[in-house]
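Owing to the predicted nature of the structure, the values given are computational and were not obtained by experimental measurement. In listed order, ligands and their atoms are each counted from 1.
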Amino acid sequence: MTQIFNAITQKENGARLSGSVIRNGGLVAFPTETVYGLGANGLDGAAVQRIFEVKGRPNDNPLILHVAKKSDVKALWHDIPEKARILMDTFWPGPLTIVYNKSSVVPDEVTAGLPTVAVRMPDHRCALALIREAGVPIAAPSANLSGKPSPTTAEHVKDDLWGKIDVILDGGPCRVGLESTVLSLVGTPAILRPGGVTKEMLEAVIGEVAVANAVLHPLGANEKAASPGMKYKHYAPDAQVIIGMHPNPRAAAGLIAREYDVRESRGERCVIFASKQTEPFYRGRTCVIIGDRKDPSTMCAALFSSLRAYSGKADVILTESLPETDMGLAYMNRLLRAAGFETIEE
Ligand code: TXA
Ligand code: MG
(Lines give C-alpha, C1' and ligand atoms only; values in the text may rest on other atoms or scores of the structure.)
(Ligands and ions follow the chains in the order given, each with its own letter.)
Protein backbone atom coordinates (compact mmCIF):
# COMPACT_ATOMS: atom_id res chain seq x y z
CA MET A 1 0.00 0.00 0.00
CA THR A 2 1.19 3.47 -0.80
CA GLN A 3 0.55 6.35 1.63
CA ILE A 4 0.52 9.92 0.40
CA PHE A 5 1.32 12.99 2.51
CA ASN A 6 1.00 16.65 1.70
CA ALA A 7 4.51 17.95 2.30
CA ILE A 8 3.20 21.35 3.40
CA THR A 9 0.14 20.70 5.57
CA GLN A 10 1.45 17.38 6.94
CA LYS A 11 5.10 18.42 7.01
CA GLU A 12 6.19 17.10 10.44
CA ASN A 13 4.24 13.85 10.26
CA GLY A 14 5.21 13.17 6.67
CA ALA A 15 8.93 13.70 7.22
CA ARG A 16 9.01 11.76 10.52
CA LEU A 17 7.16 8.74 9.19
CA SER A 18 9.06 8.77 5.89
CA GLY A 19 12.38 9.01 7.71
CA SER A 20 11.59 5.82 9.60
CA VAL A 21 10.35 4.10 6.42
CA ILE A 22 13.76 4.87 4.84
CA ARG A 23 15.70 3.66 7.89
CA ASN A 24 13.72 0.42 7.80
CA GLY A 25 14.54 -0.34 4.18
CA GLY A 26 11.39 1.11 2.53
CA LEU A 27 10.91 3.39 -0.48
CA VAL A 28 9.76 7.03 -0.34
CA ALA A 29 9.09 9.31 -3.33
CA PHE A 30 9.90 12.92 -2.46
CA PRO A 31 10.02 16.30 -4.19
CA THR A 32 13.27 18.09 -5.00
CA GLU A 33 13.85 21.34 -6.88
CA THR A 34 14.61 19.30 -10.05
CA VAL A 35 12.24 16.30 -10.28
CA TYR A 36 10.70 13.83 -7.80
CA GLY A 37 13.15 11.24 -6.46
CA LEU A 38 12.52 7.64 -5.39
CA GLY A 39 14.52 7.30 -2.20
CA ALA A 40 15.98 4.43 -0.19
CA ASN A 41 18.61 4.16 2.55
CA GLY A 42 21.81 4.78 0.58
CA LEU A 43 23.92 2.68 2.95
CA ASP A 44 21.65 -0.38 2.70
CA GLY A 45 22.36 -2.40 -0.45
CA ALA A 46 19.16 -4.47 -0.20
CA ALA A 47 16.95 -1.36 0.12
CA VAL A 48 18.72 0.20 -2.87
CA GLN A 49 18.17 -3.00 -4.88
CA ARG A 50 14.38 -2.52 -4.44
CA ILE A 51 14.60 0.80 -6.31
CA PHE A 52 15.92 -1.00 -9.38
CA GLU A 53 13.15 -3.61 -9.19
CA VAL A 54 10.32 -1.09 -8.78
CA LYS A 55 11.51 1.18 -11.62
CA GLY A 56 12.58 -1.62 -13.95
CA ARG A 57 15.95 0.13 -14.05
CA PRO A 58 18.96 -1.61 -15.65
CA ASN A 59 21.33 -2.76 -12.91
CA ASP A 60 24.39 -1.11 -14.42
CA ASN A 61 22.97 2.42 -14.07
CA PRO A 62 24.25 3.95 -10.79
CA LEU A 63 22.27 6.19 -8.42
CA ILE A 64 22.85 9.58 -6.82
CA LEU A 65 23.26 9.86 -3.03
CA HIS A 66 21.38 12.84 -1.56
CA VAL A 67 22.77 14.58 1.53
CA ALA A 68 21.36 17.24 3.86
CA LYS A 69 24.60 19.10 4.53
CA LYS A 70 27.92 19.62 2.76
CA SER A 71 30.00 17.90 5.45
CA ASP A 72 28.06 14.65 4.81
CA VAL A 73 30.19 14.04 1.70
CA LYS A 74 33.25 13.39 3.87
CA ALA A 75 32.05 9.89 4.69
CA LEU A 76 31.07 9.11 1.08
CA TRP A 77 34.09 10.22 -0.95
CA HIS A 78 37.70 9.03 -0.65
CA ASP A 79 38.76 12.68 -0.16
CA ILE A 80 37.41 16.12 -1.09
CA PRO A 81 39.23 17.78 -4.00
CA GLU A 82 39.58 21.57 -3.99
CA LYS A 83 37.28 22.01 -7.00
CA ALA A 84 34.55 20.06 -5.22
CA ARG A 85 34.83 22.38 -2.22
CA ILE A 86 34.46 25.44 -4.43
CA LEU A 87 31.50 23.93 -6.30
CA MET A 88 29.71 22.84 -3.12
CA ASP A 89 30.17 26.29 -1.59
CA THR A 90 28.85 27.96 -4.73
CA PHE A 91 26.02 25.69 -5.87
CA TRP A 92 24.82 23.57 -2.91
CA PRO A 93 22.04 23.20 -2.08
CA GLY A 94 21.11 23.09 -5.77
CA PRO A 95 20.83 21.09 -8.99
CA LEU A 96 24.50 20.01 -9.20
CA THR A 97 25.57 16.37 -8.73
CA ILE A 98 29.29 15.72 -8.30
CA VAL A 99 30.87 12.36 -9.23
CA TYR A 100 34.08 11.50 -7.38
CA ASN A 101 36.02 8.50 -5.99
CA LYS A 102 33.91 6.68 -3.43
CA SER A 103 34.73 5.58 0.10
CA SER A 104 34.24 2.03 1.33
CA VAL A 105 30.90 2.75 3.10
CA VAL A 106 29.07 3.18 -0.23
CA PRO A 107 27.46 -0.11 -1.29
CA ASP A 108 28.05 -1.48 -4.80
CA GLU A 109 24.27 -1.42 -5.43
CA VAL A 110 24.43 2.42 -5.41
CA THR A 111 27.37 2.76 -7.79
CA ALA A 112 26.64 -0.27 -9.98
CA GLY A 113 30.10 -1.47 -9.10
CA LEU A 114 31.88 1.74 -10.24
CA PRO A 115 34.74 3.11 -8.10
CA THR A 116 33.02 6.53 -8.07
CA VAL A 117 29.84 7.84 -6.43
CA ALA A 118 27.51 10.70 -7.42
CA VAL A 119 26.39 13.03 -4.59
CA ARG A 120 24.13 16.06 -4.41
CA MET A 121 22.42 18.29 -1.84
CA PRO A 122 18.92 19.16 -3.11
CA ASP A 123 17.51 22.66 -2.71
CA HIS A 124 14.12 21.68 -1.30
CA ARG A 125 12.93 21.93 2.30
CA CYS A 126 10.95 18.72 2.16
CA ALA A 127 13.85 16.71 0.71
CA LEU A 128 16.29 18.11 3.26
CA ALA A 129 13.89 17.42 6.16
CA LEU A 130 13.45 13.84 4.94
CA ILE A 131 17.22 13.20 4.70
CA ARG A 132 17.73 14.68 8.18
CA GLU A 133 14.94 12.55 9.66
CA ALA A 134 16.28 9.42 7.96
CA GLY A 135 19.76 10.13 9.35
CA VAL A 136 21.41 8.47 6.33
CA PRO A 137 22.25 9.57 2.78
CA ILE A 138 19.30 8.81 0.51
CA ALA A 139 19.94 7.01 -2.78
CA ALA A 140 17.41 8.27 -5.32
CA PRO A 141 16.89 8.16 -9.05
CA SER A 142 13.97 10.02 -10.60
CA ALA A 143 10.66 8.49 -9.38
CA ASN A 144 9.40 7.29 -12.78
CA LEU A 145 9.24 3.91 -14.47
CA SER A 146 12.51 3.46 -16.33
CA GLY A 147 12.39 5.06 -19.80
CA LYS A 148 9.46 7.42 -19.05
CA PRO A 149 9.80 11.20 -18.62
CA SER A 150 10.90 12.10 -15.08
CA PRO A 151 8.04 13.12 -12.74
CA THR A 152 7.67 16.79 -11.86
CA THR A 153 4.47 16.41 -9.79
CA ALA A 154 3.25 13.87 -7.21
CA GLU A 155 0.50 12.97 -9.69
CA HIS A 156 3.16 11.78 -12.18
CA VAL A 157 4.69 9.60 -9.45
CA LYS A 158 1.27 8.13 -8.67
CA ASP A 159 0.72 7.33 -12.35
CA ASP A 160 3.94 5.30 -12.48
CA LEU A 161 4.47 3.85 -9.00
CA TRP A 162 1.18 3.70 -7.08
CA GLY A 163 0.98 0.52 -4.99
CA LYS A 164 4.66 -0.29 -5.57
CA ILE A 165 6.27 2.03 -3.01
CA ASP A 166 5.59 2.91 0.65
CA VAL A 167 5.15 6.70 0.68
CA ILE A 168 4.70 9.64 -1.69
CA LEU A 169 5.45 13.10 -0.29
CA ASP A 170 3.51 15.65 -2.32
CA GLY A 171 5.35 18.98 -2.42
CA GLY A 172 3.67 20.36 -5.54
CA PRO A 173 5.38 20.92 -8.90
CA CYS A 174 9.20 20.96 -9.11
CA ARG A 175 10.80 24.31 -9.88
CA VAL A 176 13.55 23.29 -12.35
CA GLY A 177 11.57 20.49 -14.02
CA LEU A 178 14.52 18.46 -15.28
CA GLU A 179 17.26 16.56 -13.48
CA SER A 180 20.44 17.94 -11.96
CA THR A 181 23.69 18.58 -13.81
CA VAL A 182 26.00 15.57 -13.37
CA LEU A 183 29.65 16.68 -13.26
CA SER A 184 32.56 14.28 -12.96
CA LEU A 185 35.62 15.49 -11.04
CA VAL A 186 37.59 12.35 -11.79
CA GLY A 187 40.28 13.73 -14.10
CA THR A 188 39.33 16.81 -16.16
CA PRO A 189 35.96 18.19 -15.02
CA ALA A 190 33.30 16.93 -17.44
CA ILE A 191 29.55 17.34 -17.68
CA LEU A 192 28.01 13.89 -18.07
CA ARG A 193 24.45 15.25 -18.01
CA PRO A 194 23.56 18.96 -18.33
CA GLY A 195 21.02 20.51 -15.96
CA GLY A 196 20.10 23.52 -13.86
CA VAL A 197 23.72 24.47 -13.08
CA THR A 198 24.99 25.29 -16.56
CA LYS A 199 28.43 24.85 -18.17
CA GLU A 200 28.76 28.63 -18.18
CA MET A 201 28.04 28.82 -14.42
CA LEU A 202 30.53 26.02 -13.67
CA GLU A 203 33.28 27.56 -15.81
CA ALA A 204 32.89 30.88 -14.02
CA VAL A 205 34.11 29.22 -10.80
CA ILE A 206 36.40 26.30 -11.76
CA GLY A 207 37.60 27.11 -15.30
CA GLU A 208 37.23 24.90 -18.35
CA VAL A 209 34.65 22.11 -18.21
CA ALA A 210 34.27 19.48 -20.93
CA VAL A 211 30.92 18.15 -22.17
CA ALA A 212 30.66 14.38 -22.72
CA ASN A 213 30.01 13.47 -26.34
CA ALA A 214 26.88 11.51 -25.38
CA VAL A 215 25.15 14.72 -24.17
CA LEU A 216 24.06 15.70 -27.68
CA HIS A 217 24.88 12.64 -29.80
CA PRO A 218 23.72 9.05 -29.87
CA LEU A 219 26.41 6.69 -28.62
CA GLY A 220 28.30 4.81 -31.33
CA ALA A 221 28.05 1.02 -31.24
CA ASN A 222 31.50 0.63 -29.66
CA GLU A 223 31.50 3.79 -27.56
CA LYS A 224 31.51 3.56 -23.78
CA ALA A 225 29.26 6.04 -21.93
CA ALA A 226 31.04 8.09 -19.24
CA SER A 227 27.69 8.03 -17.47
CA PRO A 228 25.86 4.73 -17.87
CA GLY A 229 22.47 6.51 -17.87
CA MET A 230 23.29 8.11 -21.23
CA LYS A 231 23.08 4.89 -23.17
CA TYR A 232 19.44 4.10 -22.45
CA LYS A 233 16.37 5.37 -24.25
CA HIS A 234 14.97 8.01 -22.00
CA TYR A 235 12.16 10.41 -21.37
CA ALA A 236 10.04 8.75 -24.04
CA PRO A 237 6.31 9.47 -23.99
CA ASP A 238 3.85 7.19 -25.75
CA ALA A 239 3.99 9.36 -28.90
CA GLN A 240 6.56 10.02 -31.58
CA VAL A 241 8.58 13.18 -30.87
CA ILE A 242 10.14 15.06 -33.80
CA ILE A 243 12.40 18.12 -33.53
CA GLY A 244 12.48 20.86 -36.15
CA MET A 245 16.20 21.75 -36.07
CA HIS A 246 17.08 25.24 -37.20
CA PRO A 247 18.94 28.10 -35.52
CA ASN A 248 16.31 30.52 -36.81
CA PRO A 249 13.02 29.96 -34.93
CA ARG A 250 10.91 31.10 -37.87
CA ALA A 251 12.63 28.60 -40.17
CA ALA A 252 12.25 25.83 -37.55
CA ALA A 253 8.55 26.67 -37.35
CA GLY A 254 8.31 26.39 -41.13
CA LEU A 255 9.77 22.85 -41.05
CA ILE A 256 7.40 21.88 -38.26
CA ALA A 257 4.27 23.32 -39.88
CA ARG A 258 5.06 21.45 -43.12
CA GLU A 259 5.59 18.14 -41.32
CA TYR A 260 2.41 18.72 -39.28
CA ASP A 261 0.32 19.17 -42.42
CA VAL A 262 1.70 16.00 -44.04
CA ARG A 263 1.08 13.95 -40.91
CA GLU A 264 -2.38 15.37 -40.32
CA SER A 265 -3.45 14.58 -43.87
CA ARG A 266 -2.52 10.96 -43.11
CA GLY A 267 -4.91 11.02 -40.15
CA GLU A 268 -2.23 11.21 -37.43
CA ARG A 269 -3.07 13.16 -34.28
CA CYS A 270 -0.49 15.95 -34.08
CA VAL A 271 0.39 18.57 -31.49
CA ILE A 272 3.02 21.29 -31.63
CA PHE A 273 4.96 22.35 -28.52
CA ALA A 274 5.54 26.01 -29.38
CA SER A 275 7.25 28.89 -27.64
CA LYS A 276 5.72 32.28 -26.92
CA GLN A 277 7.68 33.65 -29.89
CA THR A 278 6.78 30.98 -32.46
CA GLU A 279 3.12 30.30 -31.64
CA PRO A 280 1.86 32.81 -34.25
CA PHE A 281 3.61 30.77 -37.00
CA TYR A 282 1.43 27.72 -36.25
CA ARG A 283 -2.03 29.27 -36.72
CA GLY A 284 -4.83 26.80 -37.43
CA ARG A 285 -2.91 23.84 -35.99
CA THR A 286 -3.15 22.15 -32.57
CA CYS A 287 -0.50 23.89 -30.56
CA VAL A 288 0.49 24.59 -26.93
CA ILE A 289 2.92 27.21 -25.71
CA ILE A 290 5.38 25.51 -23.36
CA GLY A 291 7.60 28.50 -22.60
CA ASP A 292 9.63 31.51 -23.65
CA ARG A 293 12.65 31.03 -25.95
CA LYS A 294 14.31 34.05 -24.35
CA ASP A 295 14.27 32.19 -21.01
CA PRO A 296 15.01 28.51 -21.82
CA SER A 297 14.52 27.58 -18.15
CA THR A 298 10.76 28.07 -18.71
CA MET A 299 10.88 25.53 -21.55
CA CYS A 300 12.87 23.13 -19.33
CA ALA A 301 10.36 23.48 -16.49
CA ALA A 302 7.45 22.49 -18.76
CA LEU A 303 9.05 19.85 -21.00
CA PHE A 304 8.50 16.64 -19.02
CA SER A 305 5.00 17.52 -17.83
CA SER A 306 4.03 18.44 -21.40
CA LEU A 307 5.43 15.15 -22.76
CA ARG A 308 3.42 13.28 -20.12
CA ALA A 309 0.28 15.30 -20.83
CA TYR A 310 0.26 14.26 -24.51
CA SER A 311 1.58 10.73 -24.02
CA GLY A 312 -0.98 8.40 -25.61
CA LYS A 313 -3.15 11.38 -26.61
CA ALA A 314 -1.17 12.44 -29.69
CA ASP A 315 0.57 10.28 -32.28
CA VAL A 316 3.16 12.92 -33.05
CA ILE A 317 4.61 15.75 -30.95
CA LEU A 318 6.45 18.35 -33.05
CA THR A 319 8.72 20.90 -31.45
CA GLU A 320 11.56 23.30 -32.22
CA SER A 321 15.23 23.18 -31.21
CA LEU A 322 16.84 25.74 -28.89
CA PRO A 323 20.44 27.02 -29.06
CA GLU A 324 22.66 24.67 -27.04
CA THR A 325 23.90 27.32 -24.61
CA ASP A 326 22.98 27.93 -20.96
CA MET A 327 19.81 25.97 -20.08
CA GLY A 328 19.35 25.27 -23.80
CA LEU A 329 21.99 22.51 -23.50
CA ALA A 330 19.98 20.63 -20.86
CA TYR A 331 16.78 21.19 -22.83
CA MET A 332 18.25 19.76 -26.06
CA ASN A 333 19.84 16.82 -24.20
CA ARG A 334 16.41 15.70 -22.89
CA LEU A 335 14.50 16.58 -26.05
CA LEU A 336 16.87 14.66 -28.33
CA ARG A 337 16.47 11.57 -26.14
CA ALA A 338 12.68 11.92 -25.99
CA ALA A 339 12.77 12.08 -29.79
CA GLY A 340 15.16 9.13 -30.12
CA PHE A 341 17.30 11.68 -32.06
CA GLU A 342 14.62 12.04 -34.77
CA THR A 343 14.97 15.49 -36.33
CA ILE A 344 13.85 17.30 -39.44
CA GLU A 345 16.26 19.67 -41.11
CA GLU A 346 16.23 21.74 -44.29
O1 TXA B 1 17.92 15.88 -10.22
C2 TXA B 1 18.31 14.72 -10.10
O3 TXA B 1 19.50 14.39 -10.30
C4 TXA B 1 17.28 13.65 -9.73
C5 TXA B 1 16.76 14.00 -8.33
C6 TXA B 1 15.85 12.95 -7.80
O7 TXA B 1 17.83 14.24 -7.46
N8 TXA B 1 17.85 12.35 -9.78
C9 TXA B 1 18.14 11.73 -10.94
O10 TXA B 1 18.67 10.45 -10.81
O11 TXA B 1 17.98 12.22 -12.02
P12 TXA B 1 18.80 9.43 -12.02
O13 TXA B 1 19.18 8.16 -11.39
O14 TXA B 1 17.58 9.44 -12.83
O15 TXA B 1 20.06 9.93 -12.82
C16 TXA B 1 21.36 9.77 -12.32
C17 TXA B 1 22.36 9.97 -13.44
C18 TXA B 1 22.37 8.80 -14.40
O19 TXA B 1 22.56 9.30 -15.72
C20 TXA B 1 23.57 7.99 -13.93
O21 TXA B 1 24.13 7.20 -14.96
C22 TXA B 1 24.50 9.08 -13.46
O23 TXA B 1 23.67 10.04 -12.87
N24 TXA B 1 25.46 8.59 -12.45
C25 TXA B 1 25.20 8.21 -11.18
N26 TXA B 1 26.32 7.79 -10.56
C27 TXA B 1 27.32 7.90 -11.46
C28 TXA B 1 28.72 7.60 -11.43
N29 TXA B 1 29.31 7.11 -10.35
N30 TXA B 1 29.43 7.85 -12.56
C31 TXA B 1 28.85 8.37 -13.66
N32 TXA B 1 27.52 8.65 -13.75
C33 TXA B 1 26.77 8.43 -12.67
MG1 MG C 1 16.07 9.22 -14.30
Next item on the list: Working to the nearest 0.5 Å, report the span between NE2 of His124 and OG1 of Thr32.
Entry: 7.0 Å
Item checked: Spacing of Asn333 atom CG and Glu179 atom CD [to the nearest 0.5 Å] -> 8.5 Å
Check: Going by distance alone, is a donor N or O of one side chain under 3.5 Å from an acceptor N or O of the other, for Arg120 and Thr34?
Finding: yes
Note to self: I need the contact type for Thr34 against ligand 1. Using non-hydrogen atoms and a strict under-4.0 Å cut-off, is it side chain, backbone, both or neither?
What the structure shows: side chain
Next item on the list: Might you confirm whether atom CD of Glu345 has over 12 heavy atoms from other residues, nucleotides or ligands at distances under 6.0 Å?
Entry: yes
Item checked: Atoms in ligand 1 flagged as close to Val99, the criterion being non-hydrogen separation under 4.0 Å -> 28 (C), 29 (N), 30 (N)
Note to self: Taking a cutoff of less than 4.0 Å between a non-hydrogen atom of the residue and any ligand atom, is Val182 in contact with ligand 1?
What the structure shows: yes
Notebook entry, point to check: Are any of the N/O atoms in Thr97 less than 3.5 Å from those in ligand 1?
Noted result: no
Check: Are Lys70 and Asp89 ion-paired here, with the side-chain N under 4.0 Å from a carboxylate O?
Finding: yes
Check: Looking at ligand 1, does any of its N/O atoms fall within less than 3.5 Å of an N/O of Lys55?
Finding: no
Item checked: CZ (Arg23) with more than 12 external heavy atoms under 6.0 Å -> yes
Next item on the list: Report, in ascending order of atom number, the atoms of ligand 1 lying under 4.0 Å from any heavy atom of Leu63.
Entry: 25 (C), 26 (N)
Margin query: Within the 4.0 Å heavy-atom shell around His66, which atoms of ligand 1 are there?
Written below: 5 (C), 6 (C), 7 (O)
Check: Taking atom 14 (O) of ligand 1 as the point of reference, which of Pro95, Ser142, Ser150, Pro151 owns the nearest heavy atom?
Finding: Ser142
Note to self: Which of the numbered atoms in ligand 1 are under 4.0 angstrom from any heavy atom belonging to Thr116?
What the structure shows: 28 (C), 29 (N), 30 (N)
Check: How about Phe273 and Tyr310: are their ring centroids closer than 6.0 Å?
Finding: yes
Checklist line | N-O pairing of Glu324 and Lys199 below 4.0 Å | finding: no
Check: Could an N or O of ligand 1 be found under 3.5 Å from any N or O of Thr32, whether backbone or side chain?
Finding: no
Margin query: Taking backbone and side chain together, does Ser142 place any N/O/S atom at a distance below 2.8 Å from the Mg ion (ligand 2)?
Written below: yes
Check: How far does CZ of Arg85 sit from NZ of Lys83, to the nearest 0.5 angstrom?
Finding: 14.5 Å
Margin query: Within the 4.0 Å heavy-atom shell around Leu192, which atoms of ligand 1 are there?
Written below: 31 (C), 32 (N)
Margin query: Please list, in number order, the atoms of ligand 1 under 4.0 Å from a heavy atom of Leu114.
Written below: 28 (C), 29 (N), 30 (N)
Note to self: Under a 4.0 angstrom heavy-atom cut-off, which atoms of ligand 1 come close to Gly37?
What the structure shows: 6 (C)
Note to self: Does any N or O of ligand 1 fall below 3.5 Å from an N or O anywhere on Arg120, backbone included?
What the structure shows: yes
Next item on the list: Determine whether any heavy atom of Arg57 lies closer than 4.0 Å to an atom of ligand 1.
Entry: yes
Next item on the list: Find all atoms of ligand 1 within a distance of less than 4.0 Å from any non-hydrogen atom belonging to Pro62, and give their numbers and elements.
Entry: 20 (C), 21 (O), 24 (N), 25 (C), 26 (N), 27 (C), 28 (C), 33 (C)
Next item on the list: Taking Ser321 for its side chain and His246 for its backbone only, find out whether a donor-acceptor pair lies under 3.5 Å.
Entry: yes
Notebook entry, point to check: Would one find more than 12 heavy atoms of other residues, nucleotides or ligands at under 6.0 Å from atom CZ of Arg269?
Noted result: yes
Notebook entry, point to check: For ligand 1, is any non-hydrogen atom under 4.0 Å from Thr111's backbone (N, CA, C, O), its side chain (CB onward), both, or neither?
Noted result: neither
